[in-house]
Amino acid sequence: MKPFKNRLQAGQLLAAQLDVYAHRPDVVVLGLPRGGVPVAHAVAEALEVPLDIMLVRKLGVPGHEEYAMGAIACNGQRVLNSDAVDMLHISEQVIDAVARREWQEIQRREKCYRGERAALPLQGCTVILIDDGLATGSTMLAAVQAVRSDHPARVIVAVPVAASETCEKLRTEVDELICLYTPEDFRAVGIWYDDFTQTTDDEVIDLLQQAHPMQHASAQPAGGKQKENRPG
């Protein structure tokens, strides 16, 4: 039997480990689209805190796109997997080309998911970054670094499942890391879910709209005004 029925149930289980952050006006939950958003929505709903997104894209190796050579975040921040880049002799020109393509997708998603709505302010907040799982951790590391640039009080990464070595690497980059399951034979995120159907753009938009009314009532970070949309 697999540990998670679907992303909703995984989020509910994750929320139980984050209950110390419930009902706090300084807490913001950020989901990584697409698959991290249903998990993050379940957490934000259970904790009764605001939900937003952190747009990050994997930089896949050309011809083997499922293998990450790095990631790029919505502020343009890149994280590279130097081991993969060196081992596969990937040139700077190839990296730049892939990064440009993924940056265009970040811009598309920003417009699609947010419309004219600005990102929630993060300065002085406790930010909980959530995805449906971590393989190499490149996208999450890029997300962490992007969030750090907004000067939050604390950064927490919370995921249902991850490779154990990825958790160990990320643990040094954040204030707290919570992972429910670190299988020895990890292989891929999706194999630990009964239902790992791809999350659609429409589902992300719907989940953000469901959370949106609560954001206006609850989001009161230290530092005051809501910031403008991030690049992309």
J.: I need the L177 CG to T172 OG1 distance, nearest 0.5 Å.
T.: 10.0 Å
J.: State, to 0.1 Å, how close N75 and A146 come at their nearest heavy-atom pair, and which atoms those are.
T.: ND2-CA, 3.5 Å
J.: Between D195 (side chain) and T197 (backbone), is there a donor-acceptor pair under 3.5 Å?
T.: yes
J.: Given R34 and D201, is the salt bridge (charged side-chain N to carboxylate O under 4.0 Å, His left out) satisfied, shown in steps?
T.: CA-CA 7 Å; R34 297 185 185 103; D201 285 343; 2.8 Å; yes
J.: Could you walk me through whether D175 and R148 pass the salt bridge (charged side-chain N to carboxylate O under 4.0 Å, His left out) test, one step at a time?
T.: CA-CA 11 Å; D175 298 290; R148 290 282 192 205; 3.4 Å; yes
J.: Between F196 and V189, is any pair of side-chain heavy atoms under 4.5 Å apart?
T.: yes
J.: Under the criterion side-chain contact (heavy atoms from CB on, under 4.5 Å), I'd like the reasoning laid out for L134 against L170: C-alpha separation, chi angles, the key distance, then a yes or no.
T.: CA-CA 10 Å; L134 302 176; L170 268 175; 3.4 Å; yes
J.: So which atom in I128 and which in A158 form the shortest heavy-atom distance, rounded to 0.1 Å?
T.: CG2-CB, 4.1 Å
J.: Name all residues meeting the side chain to side chain donor-acceptor pair (under 3.5 Å) criterion together with R154; count only those two or more places apart in sequence or in a different chain, and write none if there are none.
T.: Y21
J.: What distance separates C167 SG from M140 CE, expressed to the nearest 0.5 Å?
T.: 10.0 Å
J.: Is there a side-chain contact (heavy atoms from CB on, under 4.5 Å) between Q145 and V79? Walk through the geometry before answering.
T.: CA-CA 9 Å; Q145 293 184 359; V79 169; 3.5 Å; yes
J.: Counting C-beta onward and ignoring hydrogens, is there a side-chain heavy-atom pair between Y113 and V37 closer than 4.5 Å?
T.: no
J.: Between L180 and Q17, is the side-chain contact (heavy atoms from CB on, under 4.5 Å) condition met? List the steps.
T.: CA-CA 9 Å; L180 302 181; Q17 300 299 312; 3.5 Å; yes
J.: Side chains of L13 and P160: does their closest heavy-atom pair fall under 4.5 Å?
T.: no
J.: What's the separation between atom CD in E102 and atom CZ in R109, rounded to the nearest 0.5 Å?
T.: 8.5 Å
J.: With rounding to the nearest 0.5 angstrom, report the OG1 to CZ distance, T166 to R171.
T.: 11.5 Å
J.: Do you reckon V43 sits in the same ILVMFWY cluster as L8, going by side-chain contacts under 4.5 Å, direct or chained?
T.: no
J.: If you define the side chain from C-beta out and look only at heavy atoms, does anything of I178 sit under 4.5 Å from V157?
T.: no
J.: Less than 4.5 Å apart, side chain to side chain, heavy atoms only: is that true for H41 and V39?
T.: no
J.: Are the side chains of L129 and V144 in touch, meaning some heavy atoms are under 4.5 Å apart?
T.: yes
J.: Between T136 and K58, is a side-chain contact (heavy atoms from CB on, under 4.5 Å) present by the stated rule, with each step listed?
T.: CA-CA 10 Å; T136 66; K58 175 173 68 177; 6.0 Å; no
J.: Please step through salt bridge (charged side-chain N to carboxylate O under 4.0 Å, His left out) for the pair D52 and R114, ending with a clear verdict.
T.: CA-CA 9 Å; D52 206 347; R114 290 195 190 284; 2.8 Å; yes
J.: If you round to the nearest 0.5 Å, how far is CE of M69 from OG of S82?
T.: 13.0 Å
J.: Any chance you could measure D132, atom CG, to R7, atom CZ, to the nearest 0.5 Å?
T.: 4.5 Å
J.: Where the side chain of R24 meets the backbone of L47, is there a donor-acceptor pair that is under 3.5 Å apart?
T.: no
J.: Determine whether the side chains of T200 and D202 contain a donor N or O and an acceptor N or O closer than 3.5 Å.
T.: no
J.: Could you tell me which non-hydrogen atom of V159 sits nearest to which non-hydrogen atom of D131, and how far apart they are?
T.: CG1-O, 3.7 Å
J.: Which atom pair, heavy atoms only, marks the closest approach of L55 to P33?
T.: CD2-CG, 3.8 Å
J.: Going by ring pair (Phe, Tyr, Trp, His ring centres under 6.0 Å), name the pairs with one or both residues in residues 166-185, residues two or more places apart or in two chains.
T.: Y181-W192
J.: Considering only heavy atoms from C-beta outward, does the side chain of V61 approach that of E65 to under 4.5 Å?
T.: no
J.: Testing the basics here: between A44 and P50, what is the closest heavy-atom pair and its distance to 0.1 Å?
T.: CB-O, 4.3 Å
J.: Do L32 and I53 come within less than 4.5 Å of each other through their side chains, counting heavy atoms only?
T.: no
J.: Give me the atom names and distance for the closest heavy-atom approach of F186 to I191.
T.: O-CD1, 3.4 Å
J.: Can you list the steps and then say if D194 with K5 is a salt bridge (charged side-chain N to carboxylate O under 4.0 Å, His left out)?
T.: CA-CA 5 Å; D194 285 326; K5 179 180 176 182; over 6 Å; no
